[in-house]
Participant: 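The following block contains the structure, expressed as structure tokens.
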Protein chains: 2
Amino acid sequence: MLAFMNKGYAKTSMQDLTQATGLHPGSLYCAFTNKRGLLLAAIGQYQSDRSTEFERHFSGQQTPLEQLKKYLDSIVLECISCEASKACLLTKALNEMAEQDDELQSIITDNLTRWEQGIAQQFAKAKTQGLLHRQSGSGKSAERDCQALARYFVMGIYGLRTFAHTHPTLEVLQSLADQLFEDVTR
Amino acid sequence: MLAFMNKGYAKTSMQDLTQATGLHPGSLYCAFTNKRGLLLAAIGQYQSDRSTEFERHFSGQQTPLEQLKKYLDSIVLECISCEASKACLLTKALNEMAEQDDELQSIITDNLTRWEQGIAQQFAKAKTQGLLHRQSGSGKSAERDCQALARYFVMGIYGLRTFAHTHPTLEVLQSLADQLFEDVTR
DNA sequence: GCCTATCTTGAATGAATGTTCAAGATAGAT
DNA sequence: ATCTATCTTGAACATTCATTCAAGATAGGC
């Protein structure tokens with residue numbers, strides 16, 4: 001995971017991967033068949049880690065909106081932490097290989113879409129608690145509204161991650177995140 | 001340019017580049033010294049193209065806000081056009097190689113920052129024409145406000161570009177862009 | 001028509017890459 | 001202690017890649 005996040009898929013050599021795993025080529029090929037198989041496994045692990053972290057984060061006693069704000073803040077911190085990557089493995093792989101590997105693209109897209117739906121659920125929860133003052137109809141239209149909010153929210157996160165490359169300062173990123181959260185909860 | 005946009009830097013082979021340019025390795029190395037030199041030249045050309053297109057776009061008779069909206073809409077269309085890339089060369093290269101090539105990172109960052117400042121100028125123009133109803137102080141604080149708006153705007157564009165990979169439909173992207181423009185001109 | 005300076009050609013080179021496989025190590029069962 | 005099934009090892013392989021360079025083509029000046 002870390003190897004792929006650091007160098008990207010193409011620039012990560014098998015030698016890098018034997019060093020990172022402590023295993024030798026034969027073992028890796030026996031277990032994962034491919035360099036690509038290793039990437040798929042890394043993505044699976046990444047997704048699993050993220051998923052449990054997501055569950056943990058949103059299982060507390062705070063209001064959904066407080067949790068979403070803290071979630072966003074944690075991403076800001078992740079963006080400026082110099083440790084491995086500063087980029088989400090899913091979006092990094094998507095940017096690098098999307099047009100060349102349809103299966104990989106759909107795997108990553110599925111994962112990101114599930115994540116987006118998890119966020120939509122949080123907005124929905126906030127809405128049923130009356131914490132969201134959006135104008136809206138009822139029933140199905142309310143559902144679509146939360147979808148739209150979630151889409152906008154994750155678009156902002158994608159943007160933050162790219163933006164962090166050009167302005168890697170807590171000050172700028174935090175103010176962008178604050179603005180995003182305001183716009184999404186207005 | 002197109003070759004690098006399609007495959008990314010690492011996956012673009014010299015053979016791809018000889019085909020794309022119609023020149024042979026010797027000539028390419030004579031003129032650009034390196035594969036990296038070729039990428040730098042492609043980035044320079046890309047930036048130059050974008051820059052003149054930017055000037056052209058914002059030199060019309062419409063209000064700055066109308067121009068910004070149309071600019072955003074044109075990016076949405078670019079995102080769903082299947083032709084070459086669907087990703088800006090600058091951000092693509094930044095995502096792929098930022099952490100491994102400091103000089104390249106600073107070149108790209110400079111270009112993107114100049115672009116961001118060009119957008120900030122449009123917001124400033126809109127503001128002096130009284131088209132922006134933001135609360136703000138005067139003088140320097142007004143300037144910083146336009147900077148912040150521009151940063152938020154380009155963050156949104158970065159986000160749109162990544163988002164386009166997972167939801168490549170005009171409908172979704174356009175509504176996100178509309179929302180972004182509303183939030184930025186509120 | 002010849003000469004010179006610049007540009008082009010494309011086969012050759014060496015390094016690095018992803019991948020394979022036969023030999024060796026290991027551990028659990030009898 | 002022996003056997004067997006699984007896992008590990010790392011040298012070897014074929015391929016691909018970026019890069020080089022000497023030979024050839026070209027065009028402009030005299």
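Below, read A as the first sequence line, B as the second, and so on, with proteins coming before strands; counting in each chain starts at 1. Below, each value reflects all heavy atoms present in this structure, side chains not excepted, and no hydrogens, waters or symmetry copies. Just so we're clear, the structure is a prediction, and the values are computed from it rather than from any experiment.
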Participant: Just by modelled atom types, is the A/Q67 backbone N or O under 3.5 Å from a matching donor or acceptor in the A/H57 side chain?
Facilitator: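 Confirmed, A/H57 side chain pairs with A/Q67 backbone.
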Participant: Thinking salt bridges, do B/K69 and B/D73 make one under a 4.0 Å N-O criterion?
Facilitator: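 Counted as a salt bridge, because a side-chain N and a carboxylate O are separated by less than 4.0 Å.
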Participant: Ignoring backbone atoms, test whether B/Y29 places a side-chain nitrogen or oxygen under 4.0 Å from the OP1 or OP2 oxygen of D/dT20.
Facilitator: no
Participant: May I have all residue pairs that pass side-chain hydrogen bond (donor to acceptor under 3.5 Å, both in side chains) and include part of residues 22-31 of chain A, sequence neighbours excluded?
Facilitator: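 Residue pairs with at least one partner in residues 22-31 of chain A: there are none.
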Participant: Should A/N34 be listed as having a side-chain N or O under 4.0 Å from OP1 or OP2 of C/dT19?
Facilitator: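 Checking C/dT19 against A/N34, a side-chain N or O does come within under 4.0 Å of OP1 or OP2.
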Participant: Which ones in residues 13-26 of chain A lie close to DNA chain C, meaning a heavy atom under 4.0 Å from one of its atoms?
Facilitator: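 Contacting residues: A/S13, A/M14, A/P25, A/G26.
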Participant: Drop me the distance from A/L77's CG to A/S81's OG, to the nearest 0.5 angstrom.
Facilitator: 8.5 Å
Participant: Exactly one of A/F123, A/Y158, A/W115, A/F181 should register a ring pair (Phe, Tyr, Trp, His ring centres under 6.0 Å) with A/F153. Which one does?
Facilitator: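 Only match with A/F153 under ring pair (Phe, Tyr, Trp, His ring centres under 6.0 Å): A/F123.
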Participant: Specify the separation, in whole Å, of atom NZ of A/K35 and atom C1' of C/dT19.
Facilitator: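 It is 12 Å, rounded to the nearest whole Å.
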Participant: Taking atom C1' of C/dT17 as reference, at what distance in whole Å does atom NZ of A/K7 sit?
Facilitator: 12 Å
Participant: Would you kindly give the CG-to-P distance between B/L28 and C/dG10, to the nearest whole Å?
Facilitator: 13 Å
Participant: Can you label the angle between the B/F163 ring and the B/H167 ring as parallel, tilted or perpendicular, going by 30° and 60°?
Facilitator: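 Ring orientation, 0 to 90° scale: parallel.
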